[in-house]
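As C-alpha cells, the structure follows; a few thoughts come after it.
Numbering of ligands and ligand atoms starts at 1, following listing order.
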Amino acid sequence: MSATVHNVEAQAAAGEQELTDGFHLVIDALKLNGIATIYGVPGIPITDLGRMAQEAGIRVISLRHEQNAGNAAAIAGFLTKKPGVCLTVSAPGFLNGLTALANATTNCFPMILISGSSEREVVDLQQGDYEEMDQLAIAKPLCKAAFRVLHAADIGIGVARAIRAAVSGRPGGVYLDLPAKLLSQVMTAEAGRKSLVSVIDPAPAQIPAPAAVRRALDVLKGAKRPLIILGKGAAYAQADEEIRALVERSGIPFLPMSMAKGLLPDTHPLCAGAARSTALKDSDVVMLIGARLNWLLSHGKGKTWGEPGSKRFIQIDIEPKEMDSNVEIAAPVVGDIGSCVSALIEGMGGNWPAPPADWTNAVKTKKDENIAKMAPRLMKNTAPMDFHGALGALRAVIKERPEAILVNEGANTLDLARGVIDMYRPRKRLDVGTWGVMGIGMGFAIAAAIETGKPVLAVAGDSAFGFSGMEVETICRYKLPVCVVVFNNNGIYRGTDVNPSGGTDPATTAFVKDARYDRMMEAFGGAGAHVTTPDELKRAVDAAMDSGRPTLVNAVIDPAAGSESGRIGNLNPQSVVKKKQGSMQ
Ligand code: ADP
Ligand code: TZD
Ligand code: MG
C-alpha cells in the first residue's frame, strides 16, 4: 500500500475525511458525462462495479455473452451519438467483446469497451495470473484509441479521453483498461470529485472550408445526371432536416445505403432505391454524404459504375483520409455533415436549377418498372413461403408502424429484406453493416428497445439468429418489446445441400430440419409462433408488435428458395480444380 493511501485511510479512520475509491470514481465519471446505460456481463473483477453502477442509478443491462453486449453498446452509440458502454471481465470476456469493438470501429459507431484486467506486475512478467492477458496491446490495433488507467486520480481523465476519442471526428470504438487493483484504490472524496472531468463539447462541429463548398457546388452545377448517395454516416449525424432540404431543394435523386434507408422515406418521389443499377451506372456526378466508396459501392469503379471516367465524385465526410481512398474525389468537403450540408444549401441560394428532366424521368421510369415487377411476388400467399412472400407481409407491418425499428441479418434474409421493406423514418434500420457480420441481431434489438422505447422487429436468417440466439432470455428478462422473426430455411443460404462425400454427416451449410426456434422464446416465458404462410406471419407479427410482448416467430421458408451468399455470391472464390471436376453446386 502506498504512503498516500495509508495517510488517507488513517485520516479517514480518525473521522477527518470522507473517502471514495476507484469503483465509485468510474461510476461518477460516467454519470457526470451523461452515460445512462451500461451493457455487459458480470464477473471478476467488475461484478461490484456493475452492482454499484445500478445502485447509483445507471441502467445496467446484463446480457448472456460479451459480443452481444458489445453490439448492443455499439448500436446504442449509433442511435444516440453518445458512446455506448460495454463492461466485461478480463481476458476471455474482453476478447468476446473485442469483435464488437472492432465492428463498431469499422462501422464508425462510438463505443467504449471497458474491461477489468489483472495485476499488471504479474501480466508483464507473464507469471500466470487469473485471466492473464495484455489486453491493452491486443485492443490497440482493433480500435480507434486505447487507454489504461493505473491511478484512481486519473480515472476522470481516462473516462474523458475515452468519451472524446469515441465521438469526435470519425466516431469509433475505444478500449478502456481498468486493472482490478485500480478499482479498490482509495482517495479522499473531495480530491476524487476534483479529479473528475466533464467533457465539454465532445464532438465539436467541423465547419467545411468555404472554397471546398464552392468547388462542390461548381461540380454539382455542371452535372447532367446528378445522384446523391446517403450513407449511415448521414443517418448518424442527425442532420435529418438539412439533408431533406438539400435533396428537395436540389431535386437530385438520392440512393440510401442500407442503414441510411428512411432518412428520407423510401417512398419519396426522389428516392432512386428501386433504380439502383441505373442510378449508379448512368449518373455523371455523385455526391456521397457519409458513405464510403468501399466494397458496398464496388469501390467506385467497374461495371457497376458504367463507362470508366464517366463520373465525378463529391464527398462529404468528417474524415479527411477517406478522400481518394478508391477513386479521385473531384470535390472533397471535409467537415461534419450538418455543417457541410447547411453550407451547401446556403451556397445554392434561392434559384438552383433542377437537374435535367430526361435524367430524373429516366430514374423514375426505371424505378416504377422495378417496383411493378416486384409487386406480385410480394403478394404470393403460399406454403412454404419464399422470401418475397414472407417479406411482403413484413413490409406491411413496417408500413403500418413507421416508428418501429427493424433489425436485419442473414444472407438472403438480409439482402432481400433490404430491397423489399420500405423505411420511413431515420435510424430505424439496423443491420450487419460494413463487414456483413452475423450475430449483431439480438444485441442490436435489445439496445434499440432500451435506447428508444420503440417496438423492435428483428428479422434474422436461421443461421444469423443462432449467433446471438441465447439473448432471447435477456429479451424476456427485461420484458423488451422485441419481436424476432426467424426465416427458417433449414440452413445457411439454403437447407437443401447434401454432403458431397456421400457420408452421413450433414452438409456444411444444413441445419436440423424443421427446427422450432419459437420454443426458445417460450422457454423463458415469451410468446412463440410457428407460421407457414405470409398471412399467418402478418397476424403473428402484428399481435407481437401491438402487445409489446417478447415474441419469436418461426417462419418456415422454402429450403430451396435461397441463393448462395444471398446477393454477394460473386465474392466467393472459385476453385479451379472443383470446376474441372464438375461443380459441387
Ligand atoms: P455506408 O455503409 O452506409 O455506406 P459508411 O459506414 O461506409 O456508410 O460511411 C460512413 C461515413 O460517414 C464514414 O466515412 C464516416 O467518417 C462518416 N461520418 C460519420 N459521422 C459523420 C459526421 N457526423 N459527419 C461527417 N461524416 C461522418
Ligand atoms: N460468421 C460471421 C461472424 N459473419 C459472417 N458473415 C459469416 C460467418 C458468413 N455468413 C454470411 O455472410 S451470411 C451467413 C453466414 C454464416 C448466414 C446465412 O444464413 P441465414 O440466411 O440462415 O442467416 P439465409 O436467409 O438462409 O440466406
Ligand atoms: Mg437460413
Can you tell which of G233, G433, G231, G290 gets a heavy atom nearest to atom 9 (O) of ligand 1? G290

Heavy-atom distance from atom 9 (C) of ligand 2 to the protein below 4.0 Å? no

Atom 26 (N) of ligand 1 [closest protein heavy-atom partner, distance rounded to 0.1 Å]: I318 N, 3.1 Å

Please determine whether any non-hydrogen atom of G338 lies less than 4.0 Å from an atom of ligand 1. no

Validation row, ring centre Y517 to ring centre H530 under 6.0 Å: no

To which of Q67, R567, M438, E409 does the heavy atom nearest atom 11 (C) of ligand 2 belong? M438

For ligand 2, indicate whether the residue F467 contacts it via side chain, backbone, both or neither (heavy-atom separation under 4.0 Å). side chain

With distance as the sole test, does E409 use its side chain to make a donor-acceptor pair with the main-chain N or O of G439 at under 3.5 Å? yes

With heavy atoms of F387 as the reference, note each atom of ligand 2 found under 4.0 Å away. 25 (O)

Would K81 pass as a cation-pi partner of Y236, given that its NZ or CZ must be under 6.0 Å from the six-membered ring centre and within 45 degrees of the axis? yes

Can you list the atoms of ligand 1 that are under 4.0 Å from a heavy atom of C108? 13 (C), 15 (C)

Contact atoms of ligand 1, heavy-atom distance to K232 under 4.0 Å: 1 (P), 2 (O), 3 (O), 5 (P), 6 (O), 8 (O)

As an exercise, identify every atom of ligand 1 less than 4.0 angstrom from a heavy atom of N294. 7 (O)

Just jot down the ligand 1 atoms closer than 4.0 angstrom to any heavy atom of M257, in number order. 3 (O), 4 (O)

For ligand 2, indicate whether the residue N489 contacts it via side chain, backbone, both or neither (heavy-atom separation under 4.0 Å). side chain

Does some non-hydrogen atom of A260 fall short of 4.0 Å from ligand 1? no

Go through ligand 1 atom by atom and flag the ones less than 4.0 Å from a non-hydrogen atom of R170. 13 (C), 14 (O), 15 (C), 16 (O)

Which of the atoms of ligand 2 are close to A411, meaning less than 4.0 Å from one of its heavy atoms? 13 (S), 18 (C), 21 (O), 24 (P), 27 (O)

For Y493 and ligand 2, answer yes if some heavy atom of the residue is under 4.0 Å from a ligand atom, otherwise no. yes

Please report whether ligand 2 has a polar contact with T413, defined as an N or O pair separated by less than 3.5 Å (distance criterion only). yes

Considering only heavy atoms of Y236, which atoms of ligand 1 have at least one such atom less than 4.0 Å away? 20 (N)

Within 4.0 Å of some non-hydrogen atom of A237, the atoms of ligand 1 are 23 (N)

For ligand 1, which atoms, with element, lie under 4.0 Å from some heavy atom of G335? 24 (N), 25 (C)

